[in-house]
Amino acid sequence: MCGIVGYVGHAEAVPILLDGLKRLEYRGYDSAGVATLEEGCISIRKEIGRIDDLRRSIGKNPLGGTTGISHTRWATHGKVTQKNAHPHCDRSGRLALVHNGVIENYSSLRTQLEEEGHQFISQTDTEVLAHLVGRAFDRSGERTQGALVSALREALHLVSGTYGIAIVHAEFPGLIIGARRGSPLVLGIGKGENFLASDVSAIVGHTRDVVYLNDYEIAVLTGEGFTISTIEGNGADYNVTTVEMTDEDVSKGHHSHFMLKEIHEQVKSVTDAMRGRLAHEEATAKLGGLNMTNAELRSVERVILSGCGTAFHAAMVGEYAIETLAQVPTECEFASEFRYRNLPMTKDTLVFVLSQSGETADTLAALRESKRKGHRTLGICNNVASTIARESDGGVYMHAGPEIGVAATKSFTSQVTVLTLIALLLGRIRNLSSSEGSRIISEMEGLPAKIDRVLKLEQEIASIARRYAQAKVMLFMGRQFNYPVALEGALKLKEISYIAASGYASAELKHGVIALVNEETPSIFIAPHDAVFHKNLSNIEEVKARGGPVIAIGTEGKGQELSLLCDDVILLPEAPEYLTPILASIALQFFAYHIAVTLGCDVDKPRNLAKSVTVE
Ligand code: F6R
């Protein structure tokens with residue numbers, strides 16, 4: 001949520017900053033801004049809208065300089081206006097700051113500063129922080145780089161909340177200072193140049209050598225080098241990591257949207273989630289990253305799965321898988337609720353937090369609360385360098401590759417794959433026989449080929465989607481393993497097409513939802529040929545009896561009853577019930593995508609959203 005890019009070196013800063021911002025645009029796209037240092041002055045340009053709007057505005061009114069900071073915003077405090085866009089300045093106008101996160105006590109600090117005569121231009125919490133740093137620096141009476149860093153330390157001690165920040169000051173050309181608490185920052189090491197960004201994808205085109213800052217650390221960057229210290233003023237150890245991600249991984253390639261590219265990447269991402277993790281001989285899964293012995297896993301009496309949005313829906317599929325395959329009582333809890341509930345948790349409760357980005361504020365808070373209560377807490381993350389990955393006691397990486405489209409796609413299927421492996425492992429040290437284990441392994445190995453067949457249905461699904469694109473309301477129905485898929489299908493559709501879509505367990509229809517059914521309200525039933533197929537069929541009959549159009553997702557070779565009853569049928573390869581969510585969700589991703597494209601929506605950057613929700 002929001003993106004930061006900073007550059008200091010020998011090249012013109014603006015093109016590097018704008019390219020970096022473009023790569024981070026999925027993090028926030030309300031407004032954007034740049035500040036550079038030029039001939040002892042700070043020059044700032046800000047624009048409402050997208051990075052291209054800012055680029056155009058800079059094209060008309062260029063700004064030079066080889067040091068600069070920049071920001072793309074997802075508004076939290078203050079409306080989307082040019083004044084509220086970052087960078088923000090201190091009282092002197094000689095210090096500029098960009099910020100991700102939320103300064104929670106900004107209101108009282110602002111009142112105090114106003115009483116001292118400070119005037120504010122914006123409604124943001126960020127401007128308060130800029131004034132605090134500037135005030136401390138001016139009060140110090142010293143005009144040195146060291147004094148500026150000390151002023152930052154002093155200011156950071158006054159604020160509560162979260163921040164990833166970058167600062168430049170007119171008196172120090174060739175210097176950027178960054179600091180982090182709860183909002184990621186990564187330093188990129190170049191030759192005679194250095195970079196600072198909230199996400200490595202912004203700088204990977206320039207350098208692969210990076211240092212991930214920890215919370216409570218300050219980085220001071222010049223073109224020649226950098227230092228890292230703690231907010232308390234002590235030296236900090238750091239590791240230089242070589243990033244594997246390439247520039248290509250974070251570009252759309254020949255696809256018209258990142259979302260479409262990522263849907264099509266699912267043969268690979270699901271294969272990668274399983275790679276090296278299927279132990280044929282023992283007919284189980286091998287998940288060394290859990291850091292738990294079989295005896296420890298055997299003593300787990302209860303599993304809690306926590307996440308937000310799509311990750312929560314994947315967790316719900318995991319709940320069915322773990323209970324079905326391993327018979328371990330499992331519960332899903334919204335990460336945003338976790339720490340506000342007094343969830344009864346016996347000492348043998350194992351907690352998993354699921355997060356693609358590994359930076360979602362609510363999920364991180366759930367992880368910390370679970371650990372504080374003394375529970376072993378494991379992560380299922382995609383981003384290996386993320387805070388959740390680093391703070392969890394162990395876990396399983398998804399290995400899905402960067403997910404840039406704001407709507408989560410491949411991360412859902414990777415999470416479900418990982419949860420199925422966990423269910424297999426937990427099952428095999430309990431009651432699941434070796435022959436059942438082997439059957440599950442062979443089904444999982446056959447999954448990528450089935451995904452490939454679903455991907456080939458894109459044009460068929462697209463033509464169905466186009467016929468329903470004008471609907472104002474849509475209902476998604478599924479049972480058992482596919483109830484969470486109904487929720488996920490509805491979420492996908494509403495977030496990128498703005499059609500009011502809701503998901504339900506099919507039988508819930510008669511308990512109220514059926515009141516919404518009419519000729520204009522399509523219902524999408526996920527009805528594979530499983531144990532509850534005929535139950536789903538009865539629910540479809542109920543909708544048809546009331547004139548509602550029905551699109552059904554069924555099973556190849558077994559679609560006859562659905563075809564007789566439904567308006568449209570999408571048939572997917574046969575799979576065991578615990579794997580049908582992966583195939584069905586991909587069909588629904590295509591469905592949502594093609595409706596949104598038909599409606600002319602901005603698929604990769606839906607209104608009001610941003611990737612990675614790093615505020616509570
Ligand atoms: C929906 C979507 C969100 C995320 C949620 C959690 O398409 O992308 O619902 O799934 O914000 O994000 P992560 O997995 O990064 O914690």
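Both counts, for ligands and for their atoms, begin at 1 and track the order of listing. Predicted model only: the values in this text are computed from it and were never measured.
Note on Glu262 versus Lys410: no salt bridge recorded, every NZ/NE/NH1/NH2 to OD/OE distance being 4.0 Å or above. Classification of Arg302 and Glu331 as a salt-bridged pair holds, one side-chain N sitting under 4.0 Å from a carboxylate O. A salt bridge links Asp215 to Arg368: one of the charged nitrogens lies within less than 4.0 Å of a carboxylate oxygen. We find that Asp272 and Arg275 are joined by a salt bridge, their nearest charged nitrogen and carboxylate oxygen being less than 4.0 Å apart. For Asp199 and Arg23, the salt-bridge test fails: no basic side-chain N is under 4.0 Å from an acidic carboxylate O. Between Asp604 and Lys252 there is no salt bridge, since none of the side-chain N atoms of the basic residue sits less than 4.0 Å from a carboxylate O of the acidic one.
Comparing Cys308, Ala407, Cys381, Gly358 by heavy-atom distance to atom 5 (C) of ligand 1, the nearest is Cys308.
In terms of protein heavy-atom proximity, atom 11 (O) of ligand 1 is closest to Val613 CG2, 4.1 Å. For atom 12 (O) of ligand 1, the nearest protein heavy atom (residue, atom name, distance) is Thr360 OG1, 3.5 Å. Given atom 14 (O) of ligand 1, the protein heavy atom at minimum distance is Gln356 N, 2.7 Å. Scanning the protein for heavy atoms near atom 7 (O) of ligand 1, the closest one is Glu495 OE2, 2.5 Å. Of all protein heavy atoms, the one lying nearest to atom 8 (O) of ligand 1 is Val406 O, 3.2 Å. Atom 15 (O) of ligand 1 has Ser357 OG, 2.7 Å as its closest protein atom, hydrogens excluded (heavy atom only).
Close approach of ligand 1 to Gly309 is summarised as follows: ligand atoms under 4.0 Å from at least one heavy atom of the residue are 9 (O). If you number the atoms of ligand 1 from 1 as listed, the ones under 4.0 Å from a heavy atom of Ala311 come out as 10 (O), 14 (O). Close contacts of ligand 1 with Lys492, meaning ligand atoms under 4.0 Å from a residue heavy atom, involve 1 (C), 7 (O).
For Thr310, a nitrogen or oxygen atom sits less than 3.5 Å from a nitrogen or oxygen atom of ligand 1, counting backbone and side chain alike. For Gln415, no nitrogen or oxygen atom sits less than 3.5 Å from a nitrogen or oxygen atom of ligand 1, counting backbone and side chain alike. Considering backbone and side-chain atoms together, Ala408 places an N or O closer than 3.5 Å to an N or O of ligand 1.
In this structure, Arg180 fails the cation-pi test against Tyr163, since its NZ or CZ atom is not both closer than 6.0 Å to the six-membered ring centre and inside 45 degrees of the ring normal.
Ring centroids of Tyr483 and His313 are separated by 6.0 Å or more, keeping the two rings apart.
With rounding to the nearest 0.5 angstrom, the CG atom of Asn214 is 9.0 Å from the CD atom of Glu391.
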